[in-house]
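Notes follow the structure.
Start at 1 and go down the list; that is how both ligands and their atoms are numbered. Heavy atoms only: backbone and side chains are in, while hydrogens, waters and symmetry mates are out. Positions are given from 1 along the sequence. As the structure is a computational prediction, the values presented were derived from the model and not from experiment.
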Amino acid sequence: MSFDFPEGFLLGSATSAYQIEGAVHSGGKQDSIWDVFCRVPGAIAGGEDGTLACDHYHRFAEDVQLISDLGMNTYRFSVCWPRVLDDGTILPAGMDFYSRLVDELLAHDVQPWLTLYHWDLPAVLPGGWKNRDTASRFVDYAMALHDRLGDRVRTWTTLNEPWCSSFLSYAAGVHAPGETDIADSIRAAHHLLLAHGRTIEALRAADPSATLGVTLNFTPALPASDRPADVDVARRVDGTNNRFFIEPVTTGHYPADVLDDLTEYWPADLVRDGDLASISSPIDVVGVNYYSTNVFRAGEVADVPTPHISAPDAVQVLRDLPVTDMGWEIDPGGLRDLLVRLHDTYTGPAGASLVVTENGAAMDDHADPDGFVEDTDRIDYLRSHLRAVRQAMDAGADVRGYLAWSLMDNFEWAMGYAKRFGLVRVDEELRRIPKASALWFARVARTGRVEDAASA
Ligand code: IFM
């Protein structure tokens with residue numbers, strides 16, 4: 001069955017600075033923690049890094065033209081903090097770059113959706129997110145950027161996926177800065193949330209009509225059986241993957257069961273008076289990044305660091321589902337259920353809407369001699385997840401948009417460039433070649449209509 005999205009529904013794509021910009025030392029920019037992490041032997045597959053990436057810093061006008069040609073009404077990008085500020089001093093070249101990008105988008109009738117933090121923290125900040133002071137520095141950064149872009153950018157997201165920049169980065173060591181201490185990862189998570197809340201307060205005071213929010217990655221966790229041990233391990237994973245972040249933001253407290261689970265690691269004096277009031281400052285939109293749903297059983301305690309900080313005994317059980325090139329199970333029903341759950345439990349009562357700010361698939365793309373990729377597998381993925389969004393809306397969830405991850409193939413963090421999430425292929429010469437999925441998505445973006453597989 002074909003289906004439609006309402007007038008005004010956001011349909012576009014997303015990227016992030018480190019994954020596409022390159023030019024890592026242009027305009028006085030100093031290292032981010034990702035520049036540093038990529039130099040650690042063995043940290044990144046193939047020893048790759050974002051030094052050149054897609055060279056978007058120099059090709060942004062071409063990329064905006066592409067976004068426009070693909071009929072997208074919204075483009076979500078992130079700002080690289082050390083590109084615009086060097087230890088508190090404004091870097092004019094970096095500010096100008098983002099200002100020109102925003103102007104170019106607006107000139108093409110594409111709404112800019114700005115994410116302040118997609119992981120490229122200035123390396124110069126002592127202790128990174130372990131240090132409470134980083135939250136204050138973040139507010140300064142956000143307001144300096146808002147001074148320059150606030151007249152044109154109307155949608156501001158504080159953080160992208162704080163689960164990744166805390167537990168995956170400071171407990172599992174998979175992302176920068178590559179550390180493995182559970183108490184530190186909790187410090188990082190709380191300071192990230194504090195940075196979010198204080199920034200929302202400052203932006204709201206400066207710009208009451210802006211649309212403000214945060215983007216969280218949700219990976220629903222289901223038990224493999226109704227055995228109490230499996231039910232409990234799924235609860236614990238859900239607690240730190242999902243509820244640890246959405247609950248304080250929308251209700252002003254950390255989940256009680258998660259606090260219990262983490263008692264032995266929870267740092268004394270971490271949460272100070274007023275922190276949770278800031279963290280739960282009202283927001284307008286929760287960005288939802290969804291890729292998969294995971295099933296867990298209780299097993300042996302892992303002997304390697306894991307991001308599941310309260311569930312080292314969680315063992316993922318694969319179902320009989322197709323997987324993407326990341327090995328992630330394709331489960332669009334999980335997105336429908338997640339959106340309904342978020343609306344009913346968290347965002348609806350708090351008065352915020354939902355936008356899917358990332359969803360997409362790395363696939364094993366094969367280009368023909370002209371560089372064209374006939375990626376029917378990615379089209380199927382996108383169609384089924386767009387249908388899930390429509391079903392969630394029909395069930396009452398207030399979903400206002402869907403942004404595909406990603407506009408183009410890019411640097412997939414610890415996995416390097418081998419994993420291709422793009423609607424647009426980026427080849428070795430950095431040529432941008434729209435895949436079949438880009439052409440398919442362009443029809444959806446232009447019409448707001450998703451044709452069923454038979455008629456598409
Ligand atoms: O590439 C990442 C992105 O930076 C954050 N969300 C998940 C994507 C795919 O792994």
Protein contact to atom 10 (O) of ligand 1 [nearest heavy atom, distance to 0.1 Å]: E412 OE2, 2.5 Å

Under-4.0 Å salt bridge between D238 and R341: yes

Element-labelled atoms of ligand 1 that are located less than 4.0 Å from some non-hydrogen atom of W413: 1 (O), 2 (C), 3 (C), 4 (O)

Any H118 heavy atom less than 4.0 Å from ligand 1: yes

Close side-chain approach of T115 to R76, heavy-atom, < 4.5 Å: yes

Per-atom contacts, ligand 1 versus E161 - under 4.0 Å to a heavy atom: 5 (C), 6 (N), 7 (C)

Taking atom 6 (N) of ligand 1 as the reference point, the nearest protein heavy atom with its distance: E358 OE1, 2.5 Å

Proximal ligand 1 atoms for F421, defined as those under 4.0 Å from one of its heavy atoms: 9 (C), 10 (O)

Pairing of R187 and D184 as salt bridge, 4.0 angstrom limit: yes

N or O pair under 3.5 Å between W119 and ligand 1: no

W328 touching ligand 1 at heavy-atom level, < 4.0 angstrom: yes

Between N241 and R236, a side-chain donor and acceptor under 3.5 Å: no

Contacts of F411 that satisfy ring pair (Phe, Tyr, Trp, His ring centres under 6.0 Å) - sequence neighbours left out: Y18, Y417

Validation row: V356, L403 side chains within 4.5 angstrom (heavy atoms): no

